[in-house]
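Owing to the predicted nature of the structure, the values given are computational and were not obtained by experimental measurement. As a basis for the values below, the full set of heavy atoms in this structure was taken, side chains included, without hydrogen atoms, waters or symmetry mates. Naming: A, B, ... by sequence-line order, numbering from 1 per chain.
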Protein chains: 2
Amino acid sequence: MNHDSAPSATVTALRIRRTETLATLVRKELERMIVSGELKAGDRLNESALADRLGVSRGPIREACRGLEQSRLVEVVVNRGTFVRQISLQDALDIYDVRSALFGVAGEALARRITPSQLALLSDLVERMSRAADDIDAYYPLNVEYHAKLVEFSGNVRLMTTYRSLAQELHLFRRRGLVSEGSMAVSNREHRAILDALAKHDSARAGTLMREHILAGKKRLMNLVEAKAEAAPDPPRRRRRTAAGGSASA
Amino acid sequence: MNHDSAPSATVTALRIRRTETLATLVRKELERMIVSGELKAGDRLNESALADRLGVSRGPIREACRGLEQSRLVEVVVNRGTFVRQISLQDALDIYDVRSALFGVAGEALARRITPSQLALLSDLVERMSRAADDIDAYYPLNVEYHAKLVEFSGNVRLMTTYRSLAQELHLFRRRGLVSEGSMAVSNREHRAILDALAKHDSARAGTLMREHILAGKKRLMNLVEAKAEAAPDPPRRRRRTAAGGSASA
DNA sequence: GATCTGAAAACTGTTGACAGTTCTTCGGGC
DNA sequence: GCCCGAAGAACTGTCAACAGTTTTCAGATC
């Protein structure tokens, strides 16, 4: 009854249209723009301009912004607009602490239930990271995928969504370049150790290692920030015109 | 210039209006209705009806729903509406695991920075809970406040918001009565132990105790569910007409 | 009585317009 | 040169209406 073979572009469009509302599509597009850096922290989202650009009216745009507000990617100021959120170093460090705890639980759960095929997949990722150890552009996406898979395989849906949301928020960190730097070889050694604990179904050890892996990342970030601060002592941060300013965040 | 004394209702309304948009007010009202149980899991949110009832148009209602969707209190199905989410026992248990991890981090951080006045406040809450040990209606809100304060005092904003969101989601658990039951005396003994560790600034112990406190709550819930299941063996869950049904939750 | 069908009702998705607020700009005064 | 203020532009908040989809329900059919 159902011809699944190669749906035409229009059919695909219709199928999307049937399961996704414009607001959802807009939200995803904005998410992409924010995470990719196309929209920078502090930028305002001009509703009319976005509406024109995406070929929709302002309604769906506003709905999308409300969603983004709740997932903390933007901040809405009454009568002034919605701004891409700006998170401080302290915010970033706080997020690392939370992520570390979540990653730890993921490890404990995963060690109990991991399957051979999942192990193989993770092992493959570690292997590829090892080969890409001196090419950050190849390494980075593999690293992201490795972490995402570890959380996904834990089987705890709520854990996964929470973790993903935090990871996405970290993209807002203004000096994001820092996040991906850090010694890749050391990091991958930790990846191997995690894999080993998982293979042995050692729940406690996997949890500890995964918790510490994130905390090590936090440490690396702190060291980098300190180093940079010494090299170029605190450029006077120019006040943005946006009300979204200040990193106090309530 | 500014007469602060007893602002009239209209002034208050205007002041609110200046800092809160209708969508925000609607979202808060809907949140209240959901958490209070006025809107039950599975119920549909009729946009026109709500608009009439709250005296606004459908725009702000829709925006509010998008926010609620992102915080996982409702589920939106294209062309059919938004439904109050229904979470399964498994979902609830998953949430307990995540909460436990977050609560643990909160404990570690809090033990390092807790102030005498914060200790006094927490101690007072435990004392009052102890006196209310056989009156669940008095005990329950104190218990909620105690947990909230522990997280709030941790000083990690992101941790607080994440924790709060999960706690709110737990209200959706269909057999929510169960959550508040459980041996209050035992629970308060744990509260005292936590307080003790915090007073001694014993970070590791506070973290462990707080983690285990939530896991103990999870255990209590599981035992209760099992007990009830034996008493009244699994009533055939009637399929709701709503598409939101099924607890598989992707 | 149960089931199918199709029209009407109810509801969601989206849009364009209007009201009120904020931002910009351009003179004028010091 | 710098500050202040008012008019205009730009933008957000809200609404009412239209289009398309889902649900309901009365009547026909078996």
Check your understanding: For D:dT23, does OP1 or OP2 lie under 4.0 Å from any side-chain N or O of B:Arg80?
Key -> yes

Check your understanding: Is the distance from OP1 or OP2 of C:dG20 to the nearest side-chain N or O of A:Asn79 less than 4.0 Å?
Key -> no

Check your understanding: Do we see a donor-acceptor contact under 3.5 Å between the side chains of B:Asp97 and B:Ser100?
Key -> no

Exercise for review: Send over the distance from A:Glu63 CD to D:dT12 C1', rounded to a whole Å.
Suggested key: 16 Å

Review point. Of the nucleotides D:dT12, C:dT12, D:dG13, which one has an atom closest to the side chain of B:Thr21?
Key: D:dG13

**Study point:** Spacing between B:Glu47 atom CD and D:dT23 atom C1', to the nearest angstrom
**Key:** 16 Å

Check your understanding: Looking at side-chain heavy atoms only, is the closest gap between B:Ile34 and B:His171 below 4.5 Å?
Key -> no

Study note, to complete from the structure: Picking from D:dC15, C:dT15, C:dG13, the nucleotide nearest the side-chain atoms of B:Val78 would be C:dG13

Check your understanding: Side chain of B:Arg62: nearest nucleotide among C:dT15, C:dT12, D:dT14?
Key -> C:dT12

Review point. In terms of side-chain heavy atoms of B:Ser48, which of D:dT14, C:dT15, C:dT12 is nearest?
Key: C:dT12

Practice item. Rounded off to whole Å, could you give me the CD1-to-P distance for the B:Ile61 and C:dT12 pair? Key: 11 Å

Check your understanding: Closest to the B:Leu22 side chain: C:dT14, D:dT12, D:dT14?
Key -> D:dT14

Revision key, fill the gap. Between A:Phe103 and the options A:Tyr96, A:Tyr163, A:Tyr146, the ring-ring contact (aromatic ring centres under 6.0 Å, His included) test singles out A:Tyr163

Check your understanding: Quick one: which of C:dC11, D:dT12, D:dC15 gets closest to the side chain of A:Arg44?
Key -> D:dT12

Practice item. Evaluate whether atom CZ of A:Arg32 has more than 12 neighbouring non-hydrogen atoms of other residues, nucleotides or ligands under 6.0 angstrom away. Key: yes

Exercise for review: Round to a whole Å and report the spacing from CG of B:Asn46 to P of D:dT24.
Suggested key: 12 Å

Point to revise | Distance in angstrom units between A:Arg58 CZ and D:dA16 C1', rounded | key: 15 Å

Review point. Hey, does A:Gly59 reach any base, or is it just sugar-phosphate, or nothing, if we go heavy atoms under 4.0 Å?
Key: base

Check your understanding: Base, sugar-phosphate, or nothing: which does A:Leu45 touch, judged by heavy atoms less than 4.0 Å apart?
Key -> sugar-phosphate

